[in-house]
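Notes follow once the structure below has been shown.
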Amino acid sequence: MEDLDKLLSSDEEFPSTSLGDRNMPVGGVCSSQSSQHYSAEHGLQATVSYKAKPECKGAACKQDNRQMQECKTVLMNFKKALSKVEGVDEVHISEWCDKNNELLKQTDSNSDSLKTYIAVCGDTGAGKSYLLNALLDEEDLLPSSSMRACTASVVEVSYNMKNQKYEADVEFFTKQEWYTELEALIDDLRDTSGNLRRRCPDSDSEAAVAFSRVKAVYGRIAEVEELNQIHNVTRYLGKTVHIIEDEVTKFHNEIEHFIASPVDSSQCGGGGEYWPIVKRVRLRVPRADALSSGAVLVDLPGVKDSNPARDSVAKEYLKTCDAVWIVSNITRAADDKTAKYIWNKSLRTQLFMDGQYGRIAFICTKADNCDVKDICRRLHLRERISPLEKANAELREQINQIKKESKQPHIQLKINELENKIRSNQQAIVITCVKARNKFLKCQIRKNFRSELQEMRRVPNEADKYVDSPDGDDDDD
């Protein structure tokens, strides 16, 4: 399968311009989005990823850091010189000092002006956490849905410039934000008679979401007044908890309680869980070459989050970030509802009005899942692969004939040779299907986004209506 692995990870047939040069850190790639992406006029740049492991030119990163340090030294020397200047108007000296201080702030490794924010969106099970773990070269940093959990909080991941430890700042909602939501959640749990539902509703309903959040925190369903008397979790409201660990597994276990929620809402029954009251988690990771030049990956739980405060944070990231990655399972990537499901219409319109569509990349995960029969049927590839299948059938017949006619030991060499040919042909069939699928998906994704842009342009005078409309999810087709 080495040839197949090379094909799936290669950029030759399907160039991945949105991720840029594999030898560049992510920050360096995304800082020049205009040259890396197709423009909005020509549609979205689609990317099919397959376990790509980012590499970083360590020398380039060190050179950037050294140059920044030299700039900082010059500014510090200039600041000292200003303090000794005599005979110059104090107003001018003050102005120069202010400008010098602003430049000094920009040379700070933690300055936002030096960071490239990349918002990562995707539905549960799309493989976001696996993708981010691969980019960070960490096998077990962020929890994944395969562990019966999904990202429930906004998670910001950056490079730890200060030390070689794993650090996290967990920011909780304020008391007002949480208790406002709690009242709304309890209202969602009332039936038509006004009575509280004590059992978990259907999993796809808003009531089920409310049930899982309330049970996760309090362990019971009750009136707001009664729940307000339980403080074992809510005592953290309005606070920020700092976590630091040397080892990634211990760090994972510490942050999982704040980041991940069970996929099955029925699992939220014991109470004492923190993820419903977490607003944002900021992680700082050592030895993550992909982030060493200033890239910040922001894992968003979805901009249709039922929590207004967390939903607001997610939307703000999408509006101000330098790039947006939409992550989708490759088997669902061609569905034109994928992006619409992630973003409501008001936000898509806002991105269009702000000129942000050119910064969007669509990343298909789980590309190694290849159902040959299904692809052949859907893309009509039978004529292209039938000669290879016919050849394999003939080779198997030869093998059976050889086994019947002779029992000599040397015959096994001939059988092995024929079996190798069968495997080679089978690989060729898979490669043909993978190429056709990837080409089809790229065309379909671009087509869907062009259609979305055309829809936006058809009603330019009504854009404000979409931005302000509370029912922005509804299409006007």
Problem set entry | Shortest non-hydrogen contact from Ser129 toward Asp299 | OG-OD2, 4.1 Å
Exercise. Does the pair Tyr317 and Val154 meet the rule for a side-chain contact (heavy atoms from CB on, under 4.5 Å), with working shown?
Worked result: CA-CA 10 Å; Tyr317 272 113; Val154 176; 3.6 Å; yes
Problem set entry | Interatomic spacing from CZ in Arg423 to CD in Gln427 - rounded to 0.5 Å | 9.0 Å
Exercise. Heavy atoms, side chains only, cut-off 4.5 Å: are Asn425 and Leu395 in contact?
Worked result: yes
Problem set entry | Ion pair Glu156/Arg280, N-O distance below 4.0 Å | no
Exercise. Below 4.5 Å, heavy atoms only, C-beta onward: do Phe211 and Ile221 meet side chain to side chain?
Worked result: yes
Exercise. Step by step, would you call Lys279 with Glu177 a salt bridge (Lys or Arg N to Asp or Glu O under 4.0 Å)?
Worked result: CA-CA 10 Å; Lys279 186 174 185 177; Glu177 288 172 338; 3.2 Å; yes
Exercise. Counting only N and O atoms by type, is there a donor-acceptor contact under 3.5 Å from the side chain of Asp137 to the main-chain atoms of Asn133?
Worked result: no
Exercise. Taking C-beta and beyond as the side chain, do Asn160 and Tyr166 meet within less than 4.5 Å on heavy atoms?
Worked result: no
Exercise. Does the side chain of Arg287 come within less than 4.5 Å of Leu136's, by heavy atoms?
Worked result: no
Exercise. Can you find a heavy atom in the side chain of Met161 that is under 4.5 Å from one in the side chain of Tyr159?
Worked result: yes
For this session: Please answer whether the main-chain N or O of Ala428 pairs with a side-chain N or O of Thr432 as donor and acceptor at a distance below 3.5 Å.
Result: yes
For this session: For Lys215 and Glu273, run salt bridge (Lys or Arg N to Asp or Glu O under 4.0 Å): C-alpha distance rounded to whole Å, both residues' side-chain angles, the deciding distance at 0.1 Å, then the answer.
Result: CA-CA 9 Å; Lys215 288 275 284 185; Glu273 298 189 36; over 6 Å; no
For this session: Check whether any side-chain N or O of Ser153 sits under 3.5 Å from a backbone N or O of Phe258 as a donor-acceptor pair, and report yes or no.
Result: yes
Problem set entry | Asn392 to Gln426 - nearest heavy-atom pair and separation | ND2-OE1, 3.7 Å
For this session: Verify the distance criterion only: is there a donor paired with an acceptor across the side chains of Tyr130 and Glu139 at less than 3.5 Å?
Result: no
Seminar exercise, completed: One should read off an interatomic distance between Ile385 CD1 and Ile431 CD1, to the nearest 0.5 angstrom, of 13.0 Å
For this session: Count the heavy atoms of every other residue, nucleotide or ligand shown that sit under 6.0 Å from CD of Glu247, and state whether that count exceeds 12.
Result: yes
For this session: Please test Leu297 against Val155 for side-chain contact (heavy atoms from CB on, under 4.5 Å), starting from the C-alpha separation and ending with a verdict.
Result: CA-CA 8 Å; Leu297 299 172; Val155 181; over 6 Å; no
Problem set entry | N-O pairing of Arg282 and Asp169 below 4.0 Å | no
Exercise. Which pair of heavy atoms, one from Ile330 and one from Lys366, lies closest together, and at what distance?
Worked result: CG2-O, 3.4 Å
Seminar exercise, completed: Residues passing the side-chain contact (heavy atoms from CB on, under 4.5 Å) test with Arg377, sequence neighbours excluded, are Asp374
Exercise. Is any side-chain heavy atom of Val296 less than 4.5 Å from a side-chain heavy atom of Val157?
Worked result: no
Exercise. What distance separates Lys373 NZ from Cys433 SG, expressed to the nearest 0.5 Å?
Worked result: 12.0 Å
Exercise. With no hydrogens and no angle check, is any side-chain donor or acceptor of Ser292 less than 3.5 Å from a backbone partner on Asp289?
Worked result: yes
Exercise. Does some side-chain heavy atom of Trp178 sit less than 4.5 Å from a side-chain heavy atom of Val217?
Worked result: yes
For this session: For residues Ile375 and Arg437, report the shortest heavy-atom separation together with the two atoms involved.
Result: CD1-CD, 3.9 Å
For this session: Please name the pair of heavy atoms, one in Ile259 and one in Pro143, separated by the smallest distance, quoted to 0.1 Å.
Result: CG2-CG, 4.1 Å
For this session: Apply side-chain contact (heavy atoms from CB on, under 4.5 Å) to Phe362 and Trp325, showing your working.
Result: CA-CA 6 Å; Phe362 204 110; Trp325 292 354; over 6 Å; no
Problem set entry | Heavy-atom closest contact (Leu182 atom, Tyr218 atom, distance) | CD2-OH, 3.5 Å
Problem set entry | Steps toward side-chain contact (heavy atoms from CB on, under 4.5 Å) verdict (Val233, Ile277) | CA-CA 9 Å; Val233 172; Ile277 67 170; 3.5 Å; yes
Seminar exercise, completed: CD1 (Ile429) and CG (Leu381) are apart, to the nearest 0.5 Å, by 11.0 Å
For this session: Give, for atom OG of Ser328 and atom CD1 of Ile445, the distance between the pair rounded to the nearest 0.5 Å.
Result: 7.5 Å
Problem set entry | Main-chain N/O of Ala208 paired with Arg213 side-chain donor or acceptor, under 3.5 Å | no
Exercise. So do Phe440 and Leu379 actually touch side chain to side chain, heavy atoms under 4.5 Å?
Worked result: yes
Seminar exercise, completed: Rounded to the nearest 0.5 angstrom, the OG1-CD distance for Thr249 and Glu138 is 9.0 Å
Exercise. Any donor and acceptor pair, going by atom type alone, linking the side chain of His257 with main-chain N or O of Asn253 inside 3.5 Å?
Worked result: yes
Exercise. Is a side-chain donor or acceptor of Lys128 paired with a backbone partner of Leu300 at a separation under 3.5 angstrom?
Worked result: yes
Exercise. Is the backbone N or O of Asp191 less than 3.5 Å from a side-chain atom of Asn195, with the two atoms forming a donor-acceptor pair by type?
Worked result: no
Problem set entry | Donor-acceptor side-chain pairing of Asn416 and Gln412 below 3.5 angstrom | yes
